[in-house]
Amino acid sequence: MQKSRAVCFSLAAFLCVLVTVPIAWGQNVAPGPEEWTDAEREVFLQTAEILSVEDIGIGITRAQRATLSDGSVTHDAQIQAIDVFRRGITQLQGTVVVNFKDSYKFNIAGYRLDRLLDLNMVPVYVERTVRRSRCSVSWWVDDVQMMELDRFNNGIDPPDIEAWNDQMSSARIFTKLIYNTDPNLGNFLITSDWELHLIDFTRAFRVFDRLREPENVTPRIERRFYEGLRALNKERLEEVMDGMLTGSEMDGVLHRRDLILEILDAQIAERGESAVVYDVPGQ
């Protein structure tokens with residue numbers, strides 16, 4: 001009898017565990033930062049406590065790496081506070097530049113334009129005051145295996161050449177759209193799943209109404225990006241930029257957009273839309 005009661009008690013305890021544990025398992029669990037929306041990442045970057053800041057040690061815009069925490073999530077970010085404007089003529093790396101600008105605001109403009117065009121290659125950037133200076137703070141790209149500079153110099157082939165070439169084509173078109181005068185391949189980051197991410201646009205968004213090296217515009221573009229370019233107008237730019245770009249800088253974007261579409265549309269007329277505009281499966 002004693003043994004039977006003990007067995008019954010153990011069985012009852014086990015059933016109790018089975019009943020209570022799923023209740024805990026069934027509770028809503030907040031998604032990890034890798035699943036956060038852009039809006040959630042923006043809030044984190046703007047409000048999380050800055051635990052530490054250190055110089056990255058590469059590049060010419062004095063970028064820093066910071067560790068942020070909101071009490072439950074800790075994640076790194078990149079900070080750039082540069083904001084330089086030189087009226088008149090400046091000699092820059094052997095090139096004459098008129099009204100030179102090098103500004104953290106262009107990082108934020110690059111992110112907002114990327115999302116407006118549905119490109120989704122640029123990490124989240126926000127404006128924030130750090131150590132009494134206004135700056136851009138960006139979501140640190142996780143799981144980076146190499147820079148495009150490393151891949152190119154070491155002759156490393158991606159596992160899917162066609163998919164990689166399509167990503168690079170979109171990256172080049174975006175770079176020309178924003179007229180980035182410092183398209184450093186060290187700012188093309190490749191994650192372990194061979195996704196391409198673009199960072200650092202502080203020397204972009206010139207007012208020019210021409211393309212930089214138009215012959216290098218690869219006539220191949222994802223449909224969402226292509227349609228985003230077609231839908232772009234001054235009103236939409238003014239709505240999202242909110243002080244990150246001047247009117248002349250936005251006009252420059254639109255002029256260059258027109259030139260890019262001319263190149264793409266000429267290729268479509270010659271080769272057919274399917275040869276130029278492609279769809280990404282599942283999107």
Going through the checks in order, is the side-chain hydrogen bond (donor to acceptor under 3.5 Å, both in side chains) test met by Asn180 and Asp182?
CA-CA 5 Å; Asn180 192 354; Asp182 185 30; over 6 Å; no
Before you tell me yes or no, could you show the steps for Leu185 and Met147 under side-chain contact (heavy atoms from CB on, under 4.5 Å), namely the whole-Å CA-CA distance, both residues' side-chain angles and the distance that decides it to 0.1 Å?
CA-CA 7 Å; Leu185 293 183; Met147 299 177 291; over 6 Å; no
Answer yes or no: is there a side-chain heavy-atom contact under 4.5 Å between Leu264 and Val276?
yes
Suppose the criterion is side chain to side chain donor-acceptor pair (under 3.5 Å): which pairs have a residue in residues 236-247, not counting sequence neighbours?
Thr246-Glu249
Which residues share a salt bridge (charged side-chain N to carboxylate O under 4.0 Å, His left out) with Glu42, sequence neighbours left out
none
Go through the structure and list residues passing salt bridge (charged side-chain N to carboxylate O under 4.0 Å, His left out) with Arg230, not counting sequence neighbours.
Asp265
Using side chain to side chain contact (heavy atoms under 4.5 Å, CB included) as the criterion, list what pairs up with Asp166, not counting sequence neighbours.
Glu162, Arg220, Tyr278
Less than 4.0 Å between a side-chain N and a carboxylate O, is that true for Arg256 and Asp209?
no
Can you tell which of Glu148, Glu195, His197 makes a side-chain contact (heavy atoms from CB on, under 4.5 Å) with Ile190?
Glu148
Apply salt bridge (charged side-chain N to carboxylate O under 4.0 Å, His left out) to Asp83 and Arg134, showing your working.
CA-CA 9 Å; Asp83 194 18; Arg134 297 299 281 172; over 6 Å; no
Pi-cation contact, Phe208 with Arg210 (under 6.0 Å, within 45°):
yes
Can a side-chain donor-acceptor contact be found between Asp76 and Thr67 if the only test is distance below 3.5 angstrom?
yes
Quick test of your reading: applying ring pair (Phe, Tyr, Trp, His ring centres under 6.0 Å), list the pairs with at least one residue in residues 103-135, sequence neighbours left out, ordered by first then second residue.
Phe106-Phe205
Enumerate the residue pairs fulfilling ring pair (Phe, Tyr, Trp, His ring centres under 6.0 Å) with a member in residues 130-161, sequence neighbours excluded, ordered by first and then second residue.
Trp36-Trp139, Phe44-Trp139, His75-Trp139
